[in-house]
Structure formats: structure tokens, C-alpha cells
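Report on the following structure.
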Amino acid sequence: MKAKKTRVRFAPSPTGMLHVGNARTALYNWLFARHTGGEYLLRIEDTDLDRSEARHETQLMEDLRWLGLEWDEGPGVPGPHAPYRQSERLGIYREHTERLLREGKAYRCFCTAEELEAERERAVAMHRPQVYSGKCRGIDREESAMRARLGEPFAVRLQIPDHPLRFHDMVRGAVEFASETVSDPILVRSGSGKSGGVPVYNYVVTVDDALMEITHVIRGDDHLSNTPKQVAVYEAFGWKVPEFAHLSTILGSDRERLSKRHGATSIASFREMGILPEALVNYLALLGWGAEGGTRETFTEEELTREFKLERVTASPAVFDWGKLHWLNRHYMKATEISRLAELAWPYFERAGLLPGQDGAPEKVSAWLEAVIAVFLPSLDQLDQLPGKAAFVFRFDVEAARANVENAEVLGTEIAGKVLAAFAARVSGAAAGSVTGEQFKAWMNEIKAETGAKGKDLFHPVRIALTGAHSGPEFDKVIPVIEAGSGLELPVHVASVRERVERFVKQQG
RNA sequence: GGCGCCAUGGUGUAACUGGUUAACACGCCGCCCUCUCAAGGCGGAGAGUUCGGGUUCGAUCCCCGAUGGCGCUACCA
């Protein structure tokens, strides 16, 4: 007998940005499907008409594609189970609700919000589980239909069976809920307003998962307590209950559920910061999963696909760690082609007014940008830090350099004056933009011999005169970049070594 | 209040069906390299596995309880 093909889905609701928790859920679904040779589909859960927005749906799909998590079926990818947007499946749900009503497995509930609230308060006071009393269960069929016809508002509830509700969870094992602790769930909302008659999430998710032949439901563990209600829906229809996998929550460093409060956590914001998608994917994979043996940290997509097993996913919550994400991002930035980094980083420079528009810019400029990036790459966590790190290349501020207290200390010494004078003398003889790393090295050796200065005494004054700071990348990397930049037509003029030294010495007055 | 899930260094994970000096990575500290900051190389500290019982010759691992965290307890998803 051939094994049934696995089918999984990622089912976000378009009520906001795609954030790390959901992205990790999508990734695990995708990896599981790829690993098992199954199918991964995307379904949009927009039954909450008040909060769902089309722009969020667009953003969501863009973010998923950016992560490389393409779906096999879903919006934009036709499949046998279309449509994949719940707001377009209302007819399907209605038919199913009618069936349940007809078969007596669901019933109309005419209770008002006030009545239900009073019931809840009573339950809490009595230290009892807060479950619906089932008051409307016993209403006679004819009467129920009549009241509905007369326009009395009603919701539709499913009758929970009186046996324990069980299911299997691939990350938590067997899970069981006593039926007395599970309320008869609302299937369809009451009221005549916008959402009246619209079925609720817990119901439609089940109908869709069954109809779309989902074999493994992989989702956040905030749904764990809802699962018994969904199991009851499967049972009411006589459908096979799928396998579940509830993923633990991602927490902030304060062990609270990760949210906007913890800073930028949307996938879009990671992209804007200049985090590489492969770094984020690798990081998310590691947040709740470890490969067998547990000694490897970096995985290509193929390796991840090969080694990812749902059974190895941790059940305990994980704390999101920026440091490790940055470490992975550094790893991947070093591993990728510099041309790609230049392509990605250009907009940051453009926005800062340092580079012209990317389209139609001369080839020389992008080649130079690549060289600039190579200089700063070792100290880079994310691409958007680049303009800041490279600021001194573009804007050389003599006054600020001199005003800096630590710099002033270095420059105040007698030996610094000698070194700078000797350096200036040599630079003034060179054509603008012509200084090479080799040339610079030779000069420094001469100056060392001439002034007797060495080490910091020798280099720091020069570094300050050239970059405005006494720390930064190696000279043999910085100088060629400065010189090459000085010959380019950019929105901001890059001062050459000679210009820098001349302006610096002149300021000395 | 009720129900459920979870618990290995600061963080993420590892430890074959119970037997390891409890491993790896991030971070941290130090050394080397170096004009400096990073990067890189090398080394180190840091958990006896939340606590208490039990089962066992032997428990991170199995069972029970406690504690703590989180989730659900909506006509949100």
C-alpha cells in the first residue's frame, strides 16, 4: 500500500505583518513538506472581516517569497482545492453547517451575551470549568427553526460528545481533554451585522483542513487548547483526525511572548535592516529544532530539508536572540557574492544621500561600492549599518575630528605634530587620488625612521587626519577606497588622501 | 478560578531504546595577530539537568507531586 502523500498548510490571517513566530511556523511546514516529499499550501484565514486587510495579505505573500517559502497551492497558485481564501468559501461552510444541524450534531443557541457572561461568572465563583451550560441543546427542533424564522438572533454551536477528546501531537505526544472541560464551541456567529452568520475560525479551519486533505496540522501552540474542539468537528463529520504538531512560543529576552514591544519582529523589518533571508531561515530553523548530534549550526536550504524532522522539534518555548541572528547574518554576508551585497546595500546609501540612484548609475560606482563594502564587512551585523560605518569615507569633518577629546589628546603630543608634518610633506607631492596602499606603507616606514615614532604614535595621528577617528579598518584597505572614490562623481564629494591632509593641517592654523 | 502545555549554563540546542568528565554554537572573559576597531586563530569560566519524592544496581531521560513560566478559558485568529 502506498503511503499517503503528506499535505500541510500555513494558514495566516491577514490582520497584520508576518512576524517571526508565524514565519517559523511557515518554515517548519515548508521543511516538513519538502522533507517528506509532500505538498505545502497557503490558505488565507480572513473570517474576521473587521481586522482582515488585503494589503496585509499582499505583504504576507511577499514576505514568504522573500524567505523562499513558495507554496504548491494557494493564492496565485491554482490547485484542486481552490479557493484558498476563507472569505471566498462561505458557501462551503454554510452547507456543512446545515448538514450538522440536520443531523442534530449542532444546534442553534439563542443565549445572549449577558446570559453567557453571567454563566461564566458563576462558574468562576464555584471553581468550576467555564463551560457553556448547554442550555439551548434541548430546544425542540421545530421551536428552534421557528424562532430562527421569526428573526431571533442565534449562533450555531456544536455539541461536544461525552467521551474524552484525544489527538496525537508529533512534538508533544498523546494529548487528551476531558469532555466536561470543553465548551460546546460556537460554529457560526449570531447577529445581523457584518459578521453575523459568518463562521468562526475554529470551525472553518477544520472544515478546510479536512476538505483540503491536510494530513499534518503544524501551527503555534496557542492553538493547542482549541484542538479538542476541532477534533469534535472532525468526529461530527466522520472525518479522519489529522496528525498535529504544536510549535512552542517564541519569547523575548524577558521571557514574555515576543511582540512589537520587543522591537522590530516583522519579517519585513528584518529585510529592511539588511538581514539576509538565508540567515533568518537558518536562525528560525534553529529556534526550536536541532539536528541530530547537535554540533552543527549552519545549514543550507538543502541540508535543512534533508535533516529536518518534526519529531526533533522542541516543545519548550525559545527566547529570541539577536546576537545569534547577527552571527548567522555575518556568516552569510561573508559567504555570499559581494555584488549581491552591493545591490542590496545601495538603497541605504542612496537614502543617506551618499550615492546616486541605482538605475543607470555608472558601472564604476557599483564596483567602487563593492570595494567599500569589502572594507567594512568584517564589522557588519546587518547591511543597514553600512552608511554609518562608511560615513567617514564620504563626509570628512575636520572640526569634529579635532574637537573629539580622545583625538585631541593624541594630536596634542609633540611627536604627533612631527608625524603629521612629515606625512603632509609627502602627500603634497602626490597627485590627488593616486596614493596606493604600497605607497602609503613606504611613506610610513620613512616617517618612522625620520621621526622615531612607531606604533600608535606613528599611526594614530595619521588615522585621525585621514578618517577622523583613531580606530577603523586597516589603512591598506581604506586608502584605495578613498582614492578611488575621490575620482567619482557622487552626490557627496569623497575627499582624497591629499585633500584630507591638506584640510586637516590647514585647520591646525 | 478551570483546563492544558512546558522546564538542561545568560541564550539556542545535543546527549542511541536509562550507564557520558553533560557536548556544540551564540554571548562573555583572556591570549595571539595588529597602529586601532572589527574579523580570524587559540584557550577559559559558566549547568550536575527547577525543586521534592518514587521506580532502578544506576536516572537529564520513566512515574507522582510541588513550584514557576506560558497558552486557552471570545459569537479573535
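Letters A, B, ... are given to chains in the order of the sequence lines, protein chains preceding strands, and every chain is numbered from 1.
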Original post:
In terms of the nearest nucleotide of RNA chain B, which residue is placed more toward the 5' end: A:Leu287 or A:Gly472?
Top reply: A:Leu287
Subject >> B:C70 pairs with, by Watson-Crick or G-U criteria that keep both distances under 3.5 Å >> reply: B:G4
Subject >> Side-chain-base donor-acceptor pair under 3.5 Å for A:Lys334 and B:A39 >> reply: no
**OP:** May I have the distance from A:Phe320 (atom CZ) to B:G12 (atom C1'), rounded to whole angstrom?
**Re:** 12 Å
Original post:
Which value, in whole Å, describes the distance between the P atoms of nucleotides B:G9 and B:C5?
Top reply: 22 Å
Original post:
Paired with B:C62: which nucleotide, if any, by Watson-Crick or G-U wobble criteria at under 3.5 Å for both distances?
Top reply: B:G54
**OP:** Can you label the angle between the A:Phe320 ring and the A:Phe270 ring as parallel, tilted or perpendicular, going by 30° and 60°?
**Re:** tilted
**OP:** May I ask which nucleotide in the shown strands pairs with B:U20, Watson-Crick or G-U wobble, both distances under 3.5 Å?
**Re:** none
Original post:
Between B:G27 atom P and A:His331 atom NE2, what is the distance in whole Å?
Top reply: 13 Å
Original post:
Salt bridge or not for A:Arg296 and A:Glu307, using N-O below 4.0 Å?
Top reply: yes
Subject >> d(CZ, A:Arg296; P, B:A15) in whole Å >> reply: 15 Å
Subject >> Per-nucleotide protein contact string for nucleotides 62-77 of chain B (B base, S sugar-phosphate only, - none; heavy atom under 4.0 Å) >> reply: --------SBSBSBBB
Original post:
What's the CZ-P distance between A:Arg24 and B:U13, to the nearest Å?
Top reply: 8 Å
**OP:** Pick the P atom in B:G4 and in B:G41, then give their distance to the nearest Å.
**Re:** 50 Å
Original post:
When rounded to the nearest Å, what value does the distance between C1' atoms of B:C62 and B:U49 take?
Top reply: 16 Å
Original post:
Looking for any heavy atom pair under 4.0 Å, which part of the strands does A:Phe475 touch: base, sugar-phosphate only, or nothing?
Top reply: base
**OP:** Sticking with atom P, work out how far B:C26 lies from B:C42, rounded to a whole angstrom.
**Re:** 11 Å
Original post:
Contact class for A:Glu292 (heavy atom, under 4.0 Å): base, sugar-phosphate, or nothing?
Top reply: nothing
Original post:
Hey, is A:Glu119 close enough to A:Arg122 for a salt bridge, meaning N to O under 4.0 Å?
Top reply: no
Original post:
B:G44: syn or anti, with syn meaning chi within 90° of zero?
Top reply: anti
**OP:** Return the orientation label for the A:Phe504 and A:Phe396 ring planes: parallel under 30°, perpendicular over 60°, tilted otherwise.
**Re:** tilted
Subject >> N/O donor-acceptor pair under 3.5 Å between A:Asp162 side chain and A:Ser179 backbone >> reply: no
**OP:** State whether the side chain of A:Tyr201 and the backbone N or O of A:Ser13 hold a donor-acceptor pair below 3.5 Å, judged by distance alone.
**Re:** no
Original post:
How long is the line joining CZ of A:Arg463 and P of B:A38, in whole Å?
Top reply: 12 Å
**OP:** In whole angstrom, give the distance that lies between atom CD of A:Glu307 and atom C1' of B:A14.
**Re:** 13 Å
Original post:
Going by an N to O cut-off under 4.0 Å, is there a salt bridge joining A:Lys441 and A:Asp476?
Top reply: no
Original post:
Which part of the nucleic acid does A:Pro129 contact within heavy-atom distance under 4.0 Å: base, sugar-phosphate only, or nothing?
Top reply: sugar-phosphate
Subject >> A:Arg24 NZ/CZ over A:Tyr28 ring centroid, <6.0 Å and within 45° of normal >> reply: yes
Original post:
Considering only the C1' atoms, how many Å lie between B:U67 and B:G27, rounded to the nearest integer?
Top reply: 29 Å
**OP:** Using a cut-off of strictly less than 4.0 Å, decide whether A:Arg330 has a side-chain nitrogen or oxygen near OP1 or OP2 of B:G27.
**Re:** yes
**OP:** Any strand is fair game: report the nucleotide pairing with B:A14 by Watson-Crick or G-U wobble, both distances under 3.5 Å, or none.
**Re:** none
Subject >> Cationic N near anionic O, under 4.0 Å, A:Arg55 to A:Glu53 >> reply: yes
Original post:
Distance between the C1' atoms of B:U36 and B:A23, in whole angstroms?
Top reply: 37 Å
**OP:** Flag as yes if A:Trp327 stacks onto the base of B:C26 (centroids under 5.5 Å, planes under 30°), otherwise no.
**Re:** no
**OP:** Assign A:Ser471 to base, sugar-phosphate, or nothing according to its heavy-atom contacts below 4.0 angstrom with the strands shown.
**Re:** base
Original post:
Of A:Ala174 and A:Val313, whose closest RNA chain B nucleotide lies nearer the 5' terminus?
Top reply: A:Ala174
Original post:
Does A:Arg312 put a side-chain nitrogen or oxygen below 4.0 Å from OP1 or OP2 of B:A15?
Top reply: yes
**OP:** Classify the nucleic acid contact of A:Gly290 as base, sugar-phosphate or nothing, counting any heavy atom under 4.0 Å across all strands shown.
**Re:** sugar-phosphate
Original post:
Using atom P of each nucleotide, how far apart are B:G18 and B:G71 to the nearest Å?
Top reply: 34 Å
Subject >> Closest nucleotide among B:C5, B:C24, B:G12 to the A:Val175 side chain >> reply: B:C5
**OP:** Report the nucleotide, chosen from B:C6, B:U11, B:U36, that has the shortest atom-to-atom distance to any side-chain atom of A:Ala315.
**Re:** B:C6
Original post:
When rounded to the nearest Å, what value does the distance between P atoms of B:C51 and B:G68 take?
Top reply: 15 Å
Original post:
Starting at OH of A:Tyr283 and ending at P of B:U11, how long is that distance when rounded to a whole Å?
Top reply: 12 Å
**OP:** For A:His127, answer base if it contacts any base atom (sugar-phosphate contacts may also be present), sugar-phosphate if it contacts only those atoms, and nothing otherwise; contact means non-hydrogen atoms under 4.0 Å.
**Re:** sugar-phosphate
Original post:
Only one of A:Thr227, A:Asp221, A:Thr25 forms a side chain to side chain donor-acceptor pair (under 3.5 Å) with A:His246, so which one is it?
Top reply: A:Thr227
**OP:** With a 3.5 angstrom cut-off on both distances, give the Watson-Crick or G-U wobble partner of B:G27, or none if there isn't one.
**Re:** none
Subject >> Rounded distance (Å) that lies between atom P of B:U34 and atom NZ of A:Lys441 >> reply: 12 Å
Original post:
With sugar-phosphate meaning primed atoms plus P, OP1 and OP2, does A:Gly220 contact a base, only sugar-phosphate, or nothing at under 4.0 Å between heavy atoms?
Top reply: nothing
